[in-house]
2 protein chains.
Amino acid sequence: MNANSSRPAPAAAGRPSPTLEDLALAAGVSRSTASRAINGGSKVSAQAQAAVDAAIVALGYTPNRAARSLVTRRAGSVALVIPEPDARVMMDPYFAAVIMGVNEALRETDLQLVLLMSRAGDDSARTIRYLRGGHVDGAIVVSHHRADDWVESLGATGLPTVFIGRPWDTESGIPYVDLDNFEGGRLAARHLSGAGRSKLATIAGPTDMTAAVDRLQGWLQGLREAGLQPGPVIHGDFTTAGGADAAARLLAEAPDVDGIFAASDLMALGVVDTLRQKGRQVPDEVAVVGFDNHSLQAANGLGLTTVAHPMADIAAAAGKLLVDAIANPGELPEPVIYPAELVVRGSSAA
Amino acid sequence: MNANSSRPAPAAAGRPSPTLEDLALAAGVSRSTASRAINGGSKVSAQAQAAVDAAIVALGYTPNRAARSLVTRRAGSVALVIPEPDARVMMDPYFAAVIMGVNEALRETDLQLVLLMSRAGDDSARTIRYLRGGHVDGAIVVSHHRADDWVESLGATGLPTVFIGRPWDTESGIPYVDLDNFEGGRLAARHLSGAGRSKLATIAGPTDMTAAVDRLQGWLQGLREAGLQPGPVIHGDFTTAGGADAAARLLAEAPDVDGIFAASDLMALGVVDTLRQKGRQVPDEVAVVGFDNHSLQAANGLGLTTVAHPMADIAAAAGKLLVDAIANPGELPEPVIYPAELVVRGSSAA
DNA sequence: TTGTATGCGTTATCAG
DNA sequence: CTGATAACGCATACAA
């Protein structure tokens with residue numbers, strides 16, 4: 001807290017909100033009845049219920065969340081935990097989708113979404129303290145890297161937690177929602193080989209993210225199944241610039257490549273750009289497959305063949321899982337895996 | 001979770017968090033002294049302070065926010081209000097920047113950021129009820145359209161509110177932070193005319209957003225100053241696809257255009273794409289200027305001349321303004337306008 | 001400087 | 001079904 005040594009005046013409140021007491025008075029019932037009418041309404045006469053309902057709109061009554069929390073020992077909110085470095089880079093395109101999806105799942109609930117961005121280093125201590133402090137009823141953790149091992153300790157705190165994207169440690173049984181990244185990579189390999197390409201390479205993602213690792217493994221598996229050599233594997237950082245760089249390195253290493261799988265659409269855009277600058281025709285000379293079905297995939301006017309990644313749906317599923325987990329403490333929901341689907345567009349046309 | 005249900009434990013809590021009472025006991029002081037030590041620490045002996053500090057780490061004490069809120073009448077959180085339709089479209093690229101910026105401003109505070117996405121229609125009633133209900137200490141409203149007039153009523157509720165982007169109604173004196181969009185549009189016009197282009201046109205943004213209107217007005221003003229005709233004005237929706245469509249319409253209407261100002265980079269990308277598909281060389285035949293300096297401006301391998309839009313900085317400034325407004329109730333901070341700057345790249349090279 | 005006593009608004013308990 | 005009444009954890013006015 002800061003040195004905000006203001007006067008006893010609490011805050012800038014116009015007129016104090018009506019309390020349950022006021023409401024009960026206006027409705028001609030007791031606080032208890034009013035409270036029951038507001039909540040479950042299970043043991044309230046229709047008459048009393050109606051009176052309270054009327055008083056609510058008349059007074060514009062809103063329950064005081066703090067007071068309610070204090071006694072129910074529920075915060076009425078869930079946290080969306082985002083390791084900050086990600087937000088700056090790879091998360092950018094997904095930010096909106098994740099937030100909207102989670103929000104959608106929370107819409108019918110009275111749970112509020114609070115954002116928790118945690119820096120690397122000792123700020124994570126602050127974050128975890130907040131999470132353990134009972135300030136939220138649950139947490140959704142997104143985009144977690146291998147180094148962010150502290151988040152996995154959340155499972156042991158008893159705080160309902162759901163991951164978006166498979167965590168590194170699945171032993172702890174933390175529920176998560178993810179795309180079938182392995183299958184996505186495999187589909188890319190199958191598609192390119194099926195289109196008659198044989199000099200294949202991939203621009204993979206960071207090795208500290210399970211999504212990147214899974215896509216790569218699936219890709220390699222697909223190549224094996226097609227009877228093709230593994231081919232070059234270059235690692236990028238999921239960004240457009242990173243994809244462009246990686247493509248340049250790739251062309252130096254394997255000039256005869258005729259098919260490239262980039263593990264993100266942003267990287268794929270960079271790849272296409274580099275290819276064009278080097279004078280390679282896409283898709284005639286080199287076919288390109290991306291990943292995510294990002295809304296900007298058409299930015300180069302080509303249409304990008306890609307693996308769909310319904311992030312909003314995945315986030316919504318994670319939200320629902322969390323809501324369930326909060327409602328049924330002790331039960332660990334099973335992970336949910338969304339199937340991967342290939343979307344064929346111009347960048348890999350035969 | 002253990003099955004140790006000796007008491008009617010309300011929720012899934014492992015071990016109950018230590019309370020101020022526990023802390024005081026461990027530190028050998030009274031609740032009051034412990035409380036004072038935790039907060040201002042103004043009237044606490046060094047000895048007592050040390051004892052409390054030690055007890056805090058020993059017990060892992062975290063203040064109960066609900067209890068504190070109840071008595072201080074402060075929520076300890078601020079809302080980021082986002083009209084949902086925007087999030088799906090124009091907001092996408094800015095989402096991360098806005099959130100990170102606001103978060104940055106709140107970092108040193110103990111304020112939490114809660115997200116409030118409001119649908120059109122009666123959901124706004126729920127949102128405004130939440131905001132007026134004292135559940136947050138302040139609000140930041142982003143990207144508000146003309147139809148979202150309800151948000152402007154927030155100013156009258158006494159809830160400290162800051163807009164990101166100039167609101168339609170500036171009469172109410174609601175503080176806001178914005179880019180100098182007018183000057184940005186003017187810079188675009190000046191740049192293109194200065195580059196020898198004379199058949200100029202613009203793809204403007206939605207007419208219900210002040211940013212779009214201001215950019216257009218600045219553009220027209222710039223053309224006047226350069227002694228040029230206003231030229232065609234086509235309206236897009238700030239998206240890539242919208243920009244591509246608008247460009248097609250523009251080419252039909254004014255085939256001899258040699259300079260286009262798109263009011264967003266995403267639209268500019270669509271414009272460049274359409275131009276290329278129609279066989280127009282960029283920038284040789286048609287120069288293109290965008291707006292935002294979006295990280296994807298280079299997606300087409302060209303480099304986009306654009307007006308920088310430091311969204312994270314703007315959002316951070318809004319956050320600081322809000323923090324100030326909360327600390328000093330009653331004082332309406334002055335609006336903050338960031339200067340516009342042109343970034344020249346390949347799409348408008350002479 | 002410290003401790004005591006009170007109340008914040010709500011839900012839960014337990015008699016009527 | 002209803003209404004008193006007791007917590008919930010914390011910050012303060014007041015007394016010491």
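Every heavy atom of this structure was used, including side-chain atoms; hydrogens, water molecules and symmetry mates were not. Just so we're on the same page: letters track the sequence lines, and every chain starts at 1.
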Determine whether a donor-acceptor pair (one donor, one acceptor, N or O, separation below 3.5 Å) exists between the side chain of A:T72 and the base of C:dA12.
no
Starting at CD1 of B:I56 and ending at P of D:dC10, how long is that distance when rounded to a whole Å?
11 Å
OP1 or OP2 of D:dG3 less than 4.0 angstrom from a side-chain nitrogen or oxygen of A:T33, does that happen here?
yes
B:R74 CZ - D:dG9 P separation (whole Å):
23 Å
Phosphate contact (D:dT2 OP1 or OP2) by A:S45 side-chain N/O below 4.0 Å:
yes
Side chains of B:V98 and B:L80: closer than 4.5 Å at any heavy-atom pair?
yes
Please report the shortest heavy-atom distance between A:M117 and B:R107, naming the atom on each side.
O-NH2, 3.9 Å
Can any side-chain N or O of B:Q49 pair as donor or acceptor with the backbone N or O of B:A37 at less than 3.5 Å?
yes
Nearest to side-chain heavy atoms of A:N39, which nucleotide of C:dT1, C:dT11, D:dG9
C:dT11
When you check the side-chain N and O atoms of B:T33 and B:S30, is any donor under 3.5 Å from an acceptor?
yes
Indicate, yes or no, whether a donor-acceptor pair under 3.5 Å links the base of C:dT4 to the side chain of B:S32.
yes
Could you tell me whether A:A66 contacts a base, only the sugar-phosphate backbone, or nothing, with contacts defined as non-hydrogen atoms closer than 4.0 Å?
nothing
Choosing from C:dT2, D:dA11, C:dT10, which nucleotide comes nearest the side chain of B:L20?
D:dA11
Between the protein and nucleotides 6-8 of chain D, which nitrogen or oxygen pairs come in under 3.5 angstrom?
{"from": "D:dC8", "atom 1": "O3'", "to": "A:R73", "atom 2": "NH1", "distance (Å)": "3.1"}

For a quick check, tell me whether the side chain of B:R36 and the base of C:dG3 share a donor-acceptor pair closer than 3.5 Å.
yes
Between B:T19 and D:dG9, is there a contact of a side-chain N or O with OP1 or OP2 at under 4.0 Å?
no
Between D:dG3 atom C1' and A:L25 atom CG, what is the distance in whole Å?
15 Å
Checking B:Y61 now: which residues fulfil ring pair (Phe, Tyr, Trp, His ring centres under 6.0 Å) with it, not counting sequence neighbours?
none
Give the rounded distance in Å between these two atoms: CZ of B:R68 and C1' of C:dT10.
20 Å
Can you find a side chain N or O atom of A:Y61 that sits less than 4.0 Å from OP1 or OP2 on C:dT10?
yes
So do the side chains of A:V323 and A:E108 get within less than 4.5 Å of each other, counting heavy atoms only?
no
Write down the distance between NE2 (A:H135) and P (D:dC10), rounded to a whole number of angstrom.
10 Å
Starting from P on D:dA16, measure out to NZ on B:K43 and report it in whole angstrom.
18 Å
Taking the side chain as C-beta and beyond, is there a heavy-atom pair between A:Y176 and A:E334 under 4.5 Å?
no
